[in-house]
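Treat the numbers as computed from the prediction; the structure is a model and nothing was measured. For this chain, numbers begin at 1 and follow the sequence in order.
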Amino acid sequence: MTGPSQKRARLAAALRPAAFGADPAGERMERIRRSPNFANGVFVNPVAARTAPSGSMLKFLPTYFRKEERVRRAPAGPVPVHPTTLADLATPPASGLRLTWMGHSTVLAEIDGRRVLFDPVWGDRCSPFSFAGPKRIHPVPVPLRELGPVDVVVISHDHYDHLDMPTIRALVRSEAHFVVPLGVGAHLERWGVPEQRMTELDWRESTEAAGLRFTATPARHFCGRALRNTQHTLWASWVVAGPEHRVYHSGDTGYFPGFAEIGEEHGPFDATMIQIGAYSDFWPDIHMTPEEGMRAHVDLQGGEPGRGIMLPIHWGTFNLAPHPWEEPAEGTLTAARAADARVAIPRPGEPFEPVAGVPLDPWWRAIAARPAAGAVAAAVSPQVPARGAAASGGGPGDQTDGPGAVVPLPQA
């Protein structure tokens, strides 16, 4: 390599931190081009979606700089994290299925004797930088090194609040297999995941790993980690089926009719993990509100809300949207009551078996900046309907701009 070429290569490396990952190339890129979901040089959604904030930024920005709004976007006190220990998870679930929400979209699912980790993010910030970006609101419930063995790691897409480089590098030291959407393997390879320990899937493709069947299903979102988002990595929701149980993880998605199709082909589910946070009128197509999330859950269950239980995800851990911090939880309770559906809203780190659910305990209310107002609070009942069991009751990438001010960019 000549002198000027070496300088250009060093400059390119300096301008692209390792956390940005890598762009697909070679055979991986050829496979992407052959995908039926790739058109005109980019991956496309099953239903058209706007991925950049809509509306006037003059209307949007005040919601982030107004002091009263900033205060409500964070809890008023420490989040009561469940002190999960290895002992909590050492005894296999009696029912064969146990879920532990670690915060945001990270869930440990124990399915028929295997352990699956969805969208693991143990980092302090969902950002390519250690000094800027949305900071974790509560600590992780259990250190990654104390989590115990993990059989399979599943990634929904490559945004920073779902794909965390330090966490992936730590998991490389485990024996876990990585199952990811098409193109995301380029990031993992750059971070040290061996090719033989990963499987990349297009929508509607399946693979077997650790005795479980993993199917990538459509979602309505977008991708990208670097300054120039090429849209060459796919986003997905996931169906995981074992011999006795099956679960669904939505990743990030806007509402679309495909949920009913997924439910018809792969459901019903013992549990659905559904994104219900980091929504906004400024990006209505790529994240669901709690009401839309409940609608998706019912669609996935073939129109029968009494089937399975819904675990709301993508809220509570990072400040990623203009809505009040507690609103996703309150809205989910409201929607569950209206749909007569079972919902579990555990503390971060609190394991539960979907067949039993968790007792109703609106733990988030004690640390809300102020009581929720309007329909959300008015519609919450003291008990959410649960058939045969007790039930209970975070968007686009952000960039910190001064104390308490978080300005979202269309990156996550």
remark   = By salt bridge (Lys or Arg N to Asp or Glu O under 4.0 Å), E350 pairs with (sequence neighbours left out) none
message = Under a 3.5 Å cutoff, is there a donor and acceptor pairing between the side chains of T317 and H138?
response = yes
key: Interatomic spacing from SG in C223 to CG in D252 - rounded to 0.5 Å   = 12.0 Å
ask   = How many angstroms lie between atom OG of S156 and atom NE2 of H162, to the nearest 0.5 angstrom?
value = 5.0 Å
task = Check the angle between the aromatic planes of Y279 and H323 and answer parallel, tilted or perpendicular using the 30° and 60° thresholds.
result = parallel
Shortest non-hydrogen contact from T332 toward M294 = O-CE, 4.4 Å
ask   = What is the distance from atom CD1 of I276 to atom NE2 of H297, rounded to the nearest 0.5 Å?
value = 13.0 Å
request  = Check whether any side-chain N or O of W363 sits under 3.5 Å from a backbone N or O of I345 as a donor-acceptor pair, and report yes or no.
outcome  = yes
task = Run the numbers on V355 and L97 for side-chain contact (heavy atoms from CB on, under 4.5 Å), then give the verdict.
result = CA-CA 8 Å; V355 69; L97 178 63; over 6 Å; no
request  = Measure from the side-chain N and O atoms of R213 to the backbone N and O of G242, and report whether any donor-acceptor pair falls under 3.5 Å.
outcome  = no
Approximate separation, where rounding is to 0.5 Å, of R28 CZ and T233 OG1 = 11.0 Å
key: Pairwise distance CG(L212) to NE2(H177) - rounded to 0.5 angstrom   = 12.0 Å
request  = State, without any angle test, whether T106 and D119 hold a side-chain donor-acceptor pair at a distance under 3.5 Å.
outcome  = no
ask   = Without hydrogens or angle criteria, can the side chains of W235 and D158 be said to hold a donor-acceptor pair below 3.5 Å?
value = no
Distance (rounded to the nearest 0.5 Å) between S280 OG and L320 CG = 12.0 Å
inquiry  = Can you confirm whether the side chains of D285 and Y255 place a donor and an acceptor under 3.5 Å from each other?
reply    = no
request  = May I ask you to check whether D112 and H245 show a side-chain donor-acceptor distance below 3.5 Å?
outcome  = yes
task = May I ask you to check whether D23 and H232 show a side-chain donor-acceptor distance below 3.5 Å?
result = no
ask   = Taking it one step at a time, do F222 and F43 satisfy side-chain contact (heavy atoms from CB on, under 4.5 Å)?
value = CA-CA 8 Å; F222 69 114; F43 278 113; over 6 Å; no
key: salt_bridge(E326, R73) N-O dist < 4.0 Å   = no
message = A cation-pi test, strictly: NZ or CZ of R197 under 6.0 Å from the centre of the six-membered ring of F178 and no more than 45 degrees from its axis. Yes or no?
response = no
note = The single option from F269, F214, F118 that satisfies ring-ring contact (aromatic ring centres under 6.0 Å, His included) with H249 is F118
query = Taking atom types as modelled, is there a side-chain donor on S250 or Q275 under 3.5 Å from an acceptor on the other?
reply = no
R33: partners by side chain to side chain contact (heavy atoms under 4.5 Å, CB included), with sequence neighbours left out = M29, E30, F38
inquiry  = Please tell me whether W315 and W325 form a close aromatic pair, meaning their ring centres lie under 6.0 Å apart.
reply    = yes
inquiry  = Tell me whether D124 is salt-bridged to K135, with the criterion being a basic N under 4.0 Å from an acidic carboxylate O.
reply    = yes
